[in-house]
Number of protein chains: 2
Amino acid sequence: MTEIKKNPIGVLERGLLLLSCFTQQSPRLQLRELSALSGLDKATALRALKTLVIWGYLEKSPDGAYSPGPSNLRMAAIFKTTSNFVSRLEAPIGNISRRVELTTSFFVRSNNDRVCLARDFSHQDFRYFIDVGASVPFSEGGAAAKILLAHTEPENAESAKIIEDGFYISRGELNKHFASVATPLFETDGSFLGAITITGMTVDLDDHTLKGFTKIIREEMASMGFFSGQPR
Amino acid sequence: MTEIKKNPIGVLERGLLLLSCFTQQSPRLQLRELSALSGLDKATALRALKTLVIWGYLEKSPDGAYSPGPSNLRMAAIFKTTSNFVSRLEAPIGNISRRVELTTSFFVRSNNDRVCLARDFSHQDFRYFIDVGASVPFSEGGAAAKILLAHTEPENAESAKIIEDGFYISRGELNKHFASVATPLFETDGSFLGAITITGMTVDLDDHTLKGFTKIIREEMASMGFFSGQPR
DNA sequence: CTGTGTGTTTTATTAAATGAAATACATTTC
DNA sequence: GAAATGTATTTCATTTAATAAAACACACAG
């Protein structure tokens, strides 16, 4: 969550806005930075930060910098136990990775980021890839972001075609050496869950190959009762 | 976090109070339950829940139940990258587990719970043990809780002795078949970090054996610059 | 010791949170 | 099938807390 919301009304929302300022790239922020990033007054931010520290959602280092606290780990652990579909995804994701010999990931939308909920690392050649739990703002693009945006804000002009196609191929959007194909993932009842992505080296992957992967995704996901591709 | 705070002033605090209602045991709660658990008015809770859902810290199932959302995973991932001492702990925890052939864990205090930040499962015989990120309220006791309480609220009468001893042995507090020894863990500068615990079957572990483990903890932790035992 | 960049506290003003009641919407019961 | 029950949601006058500007404190650098 990098995008700054214009008019956050309510302290709770302001507090969450402060949390959203933290990223993998800038996991430690001081009051000045947080105030600037969130657009909140120093005093306002300080008050919210204090409560967040008290409740363990942030920590304050002796040098004055804030960073996420252990309460997040607690909540994440509970999230994993409830999110039944994440555990159902692990097997098919592993199978896909094995068959295509590339890294397969599952992303959901959370506000204006895509968050990685599951991933198979077995064919990871480069330490480029982000970890489970990591998030990237939509603005930085990528195939998964396109799918998520199309299915959560269908009014977009580009969205209609992406939904129609049932997949999206991106080349070099995040890193010039990588290409990805992403497909939407649906629950049995047709509800949208997120995006499955297969990523590999651009040189190895022509569009025909990438499109062929969508069939593999569909097959493996069907085995666990998921549906992937064009919505029916 | 199970204990209910008496007078939470401020919406942010009320929102965090709602989050704290979720536990491993009850990861799904509906408005009625949340309202009862937190002591907040239905309407008040509902407003806070809405924003928490919007920001991805909670999810709302079609059946109306709320549960933790993916944003927690995002924050937890960032927490892990900043919490440098957690990664420094992994090696010594693994070594201790290998030497004592039992499960070793590290807990910190977060509000009124102890949260597990690191654990070695290699000698786990029973599926009893909780996972990393899991938390247990202090009220349910356990050796780690005693240590954490003693070092974060030293004014307590019992605390003086626990600090003096540098360890605490518990038997059957959480489960009658298990016994644990816990020691405080300090950073090089003497600041308190949390509690290291070794847990095993009561029948295998007399007090002398458990006390002997504290020496192993001290040795292994010292190798990474930590200090464990009586504060100096 | 003066200046600059921080974090923190204070306080009158302003804006948002509250909660009781009304409404809506299921599901169950008779 | 109608009434009853339990739950979620909206509304709105009242109350309460959040706000932000300014003043203060504190460290560090030149």
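Residue numbers start from 1 in every chain, and the chains themselves are labelled A, B, ... in the order their sequence lines are given, proteins ahead of strands.
As a whole-Å value, the separation of B/Glu13 CD from C/dA17 P is 15 Å. If you measure from atom CG of A/Leu12 to atom C1' of D/dA17, you get 15 Å, rounded to the nearest angstrom. The separation between B/Leu49 atom CG and D/dT7 atom P is 16 Å, rounded to whole Å. Rounded to whole angstrom, the span from the CG atom of A/Leu29 across to the P atom of C/dT6 amounts to 14 Å. Distance CG (B/Leu46) to P (D/dT9): 5 Å, rounded to an integer number of Å.
Distance from the side chain of A/Arg32 is smallest for C/dT6 among the nucleotides C/dT6, C/dT9, D/dT7.
The side chain to side chain donor-acceptor pair (under 3.5 Å) search around B/Glu158 returns B/Lys146, not counting sequence neighbours. Every residue two or more places apart in sequence or in another chain was checked for a ring-ring contact (aromatic ring centres under 6.0 Å, His included) with A/Phe167, and none qualifies. Among residues two or more places apart in sequence or in another chain, the side chain to side chain donor-acceptor pair (under 3.5 Å) test is passed with B/Glu90 by none. Listed by chain and number, the residues in a side chain to side chain contact (heavy atoms under 4.5 Å, CB included) with B/Glu153 are B/Arg109, B/Leu149, B/Glu155 (sequence neighbours excluded).
The list of salt bridge (Lys or Arg N to Asp or Glu O under 4.0 Å) pairs with a residue in residues 16-31 of chain B, not counting sequence neighbours, reads B/Arg28-B/Asp63. For residues 39-54 of chain B, the set of pairs meeting the salt bridge (Lys or Arg N to Asp or Glu O under 4.0 Å) definition, not counting sequence neighbours, is empty.
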Under-3.5 Å N/O pairs linking protein and nucleotides 19-29 of chain D:
{"from": "D/dT19", "atom 1": "OP1", "to": "A/Arg14", "atom 2": "NE", "distance (Å)": "2.6"}
{"from": "D/dT19", "atom 1": "OP2", "to": "A/Arg47", "atom 2": "NH1", "distance (Å)": "3.1"}
{"from": "D/dA20", "atom 1": "OP2", "to": "A/Thr44", "atom 2": "OG1", "distance (Å)": "3.3"}

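Between its two ends, the helix from C/dC1-D/dG30 to C/dC30-D/dG1 turns its axis by 40°, counting five pairs per end and rounding to 10 degrees.
Look at A/Lys50 and you won't find any side-chain N or O under 4.0 angstrom from OP1 or OP2 of D/dA18.
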What pairs of donor and acceptor atoms, side-chain ones from residues 219-228 of chain A against any protein atom, are under 3.5 angstrom apart with sequence neighbours left out?
{"from": "A/Glu219", "atom 1": "OE1", "to": "A/Arg99", "atom 2": "NH1", "distance (Å)": "3.0"}
{"from": "A/Glu219", "atom 1": "OE1", "to": "A/Arg99", "atom 2": "NH2", "distance (Å)": "2.9"}
{"from": "A/Glu219", "atom 1": "OE2", "to": "A/Lys215", "atom 2": "NZ", "distance (Å)": "3.0"}
{"from": "A/Glu220", "atom 1": "OE1", "to": "A/Asn95", "atom 2": "ND2", "distance (Å)": "3.1"}
{"from": "A/Glu220", "atom 1": "OE2", "to": "A/Arg99", "atom 2": "NH1", "distance (Å)": "2.9"}
{"from": "A/Ser223", "atom 1": "OG", "to": "A/Glu220", "atom 2": "O", "distance (Å)": "2.5"}
{"from": "A/Ser228", "atom 1": "OG", "to": "A/Thr183", "atom 2": "OG1", "distance (Å)": "3.0"}

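Between A/Phe192 and A/His151, the angle of the ring planes stays under 30°, which puts this pair in the parallel group of the 30/60° scheme.
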